[in-house]
Amino acid sequence: MTSRALVVGGTRFIGRHLVTELLDSGYEVTLLNRGTRENPFADHPDVEHVQGDRRSGATLDNASEAVDPDIVVDCVAYFPGEVRVATRAFSDADAYVYISSGSAYGPDRIPKREDETPLESCTDAQAVDDSAATYGPRKAEGDRAVFEAAAAGVRAMSVRPTIVYGQHDYTGRFQYWVDRVRERERVLVPGDGTNIHHLVAVENVARAIRTVAEAGEAGEAYNVGDREVLTLGGVVETIAEALDTDVELVPAGERELQAASDGDLSLTEFPLYNPDPHILSTEKLADLGWDPLSPAEAIERAVAWEGDPERDPGPDEATLERVLERLDT
């Protein structure tokens, strides 16, 4: 008998790759979303669509009854209240998987381990505040909602990805570096290029979600990051290898950037730069049988994408050119 999966979201980035992963693994898939974005699976015979607002408990209850899913993956739960409503609606599913974030952890542990590293605290005000500053606390509180549901008998689990890259990444963070390598022989890199913010390929996240849904334990959280951790300089060099080109890295510290840009440019304006190392332990997920792509293979897939991200982060070309010229003098 074919297993049924309900994906809340499913058309944008992680969800899009997840649907493909589930289909390749023999699932019938139903998407639950508002239908405001183009559905890349509109013509697929094994993908159904239920239109509705996931913030509505009635919508989730109706979807649960209509689809009767074996597994549910919640790609678009950004507030802990949404997780609590969803775990009630899908309490009979074999697995409810909440996509949390590595940002749920506090900042000062390396690496961050699921059963040791403290989560961010979350006030009542933060739990309903839709701002970047409260993203980590809200995701942490969503994790605690998963743990509460599991304690009440729901097969609820959590997956915590770090920064995700790959095809259809709308944030433009990874694409910024792909474009620099494509367009320039010399690439300005913040700091000395050795800073680390653990990344994860979107294919590895999709594989992790399916693995957790099939083999994870209720009430548990699982980190997901690439099994090899690259420095930012290493990421840029691996992109160059995937594009079969040579690139010269031009490192610049905060003082050099400020002086060369007349105070217009700082380290943190560069995508994927993090002044504090951020690394997630992935041993717990690996113990479930998760089989990830290597960064080299994943980056080769990512740079093959010919789409355009929705966002365009990072320093503009004129500023980069000015800084590079001044660093040469």
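Hydrogens, waters and symmetry mates play no part in the numbers below; they use all other heavy atoms, side chains included. What you see is a predicted model; the values in this text were computed from it and never measured.
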For [X], check side-chain hydrogen bond (donor to acceptor under 3.5 Å, both in side chains) against everything at least two apart and list the hits.
| X | result |
| --- | --- |
| Asp115 | Lys284 |
| Glu183 | Arg180 |
| Thr211 | none |
| Thr238 | none |

Applying side chain to side chain donor-acceptor pair (under 3.5 Å), which residue pairs with at least one partner in residues 155-165 are found, sequence neighbours left out? Tyr105-Arg160, Asp143-Ser158, Asp143-Arg160, Tyr165-Asp226
Salt bridge (Lys or Arg N to Asp or Glu O under 4.0 Å) contacts touching residues 7-23 (sequence neighbours left out): Arg12-Glu310, Glu21-Arg210
Donor-acceptor pairs are to be reported for all side-chain atoms of residues 241-256 against protein atoms at under 3.5 Å, with residues two or more places apart or in another chain.
from	atom 1	to	atom 2	distance (Å)
Glu248	OE1	Arg186	NE	3.3
Glu254	OE1	Leu267	N	3.0
Glu256	OE1	Gly253	N	2.8

Show me, pair by pair, the donor-acceptor contacts under 3.5 angstrom made by side chains of residues 27-41, not counting sequence neighbours?
from	atom 1	to	atom 2	distance (Å)
Tyr27	OH	Glu214	OE2	2.7
Asn33	OD1	Gly35	N	3.0
Asn33	OD1	His49	NE2	2.6
Asn33	ND2	Gly9	O	2.9
Asn39	OD1	Phe41	N	2.9

By ring pair (Phe, Tyr, Trp, His ring centres under 6.0 Å), which residues pair with His197, not counting sequence neighbours? His278
Is there side-chain contact between [X] and [Y], with at least one heavy-atom pair below 4.5 Å?
| X | Y | answer |
| --- | --- | --- |
| Phe79 | Arg55 | no |
| Val200 | Ile163 | no |
| Glu220 | Glu114 | no |

Taking the inter-plane angle between the rings of Tyr176 and Phe270 on a 0 to 90° scale, is it parallel (under 30°), tilted (30 to 60°) or perpendicular (over 60°)? perpendicular
Linked hydrophobic residues, Ile196 as query - side chain contacts closer than 4.5 Å: Ile110, Val229, Ile279
When you check the gap from the basic side-chain N to the acidic O, do Glu141 and Arg144 get nearer than 4.0 Å? yes
Determine whether Glu283 and Arg113 satisfy the following criterion, salt bridge (charged side-chain N to carboxylate O under 4.0 Å, His left out), listing intermediate values before the conclusion. CA-CA 9 Å; Glu283 293 306 310; Arg113 295 187 172 92; over 6 Å; no
Contacts of Glu217 that satisfy salt bridge (Lys or Arg N to Asp or Glu O under 4.0 Å) - sequence neighbours left out: none
Non-neighbouring partners of Arg207 that pass salt bridge (Lys or Arg N to Asp or Glu O under 4.0 Å), sequence neighbours left out: none
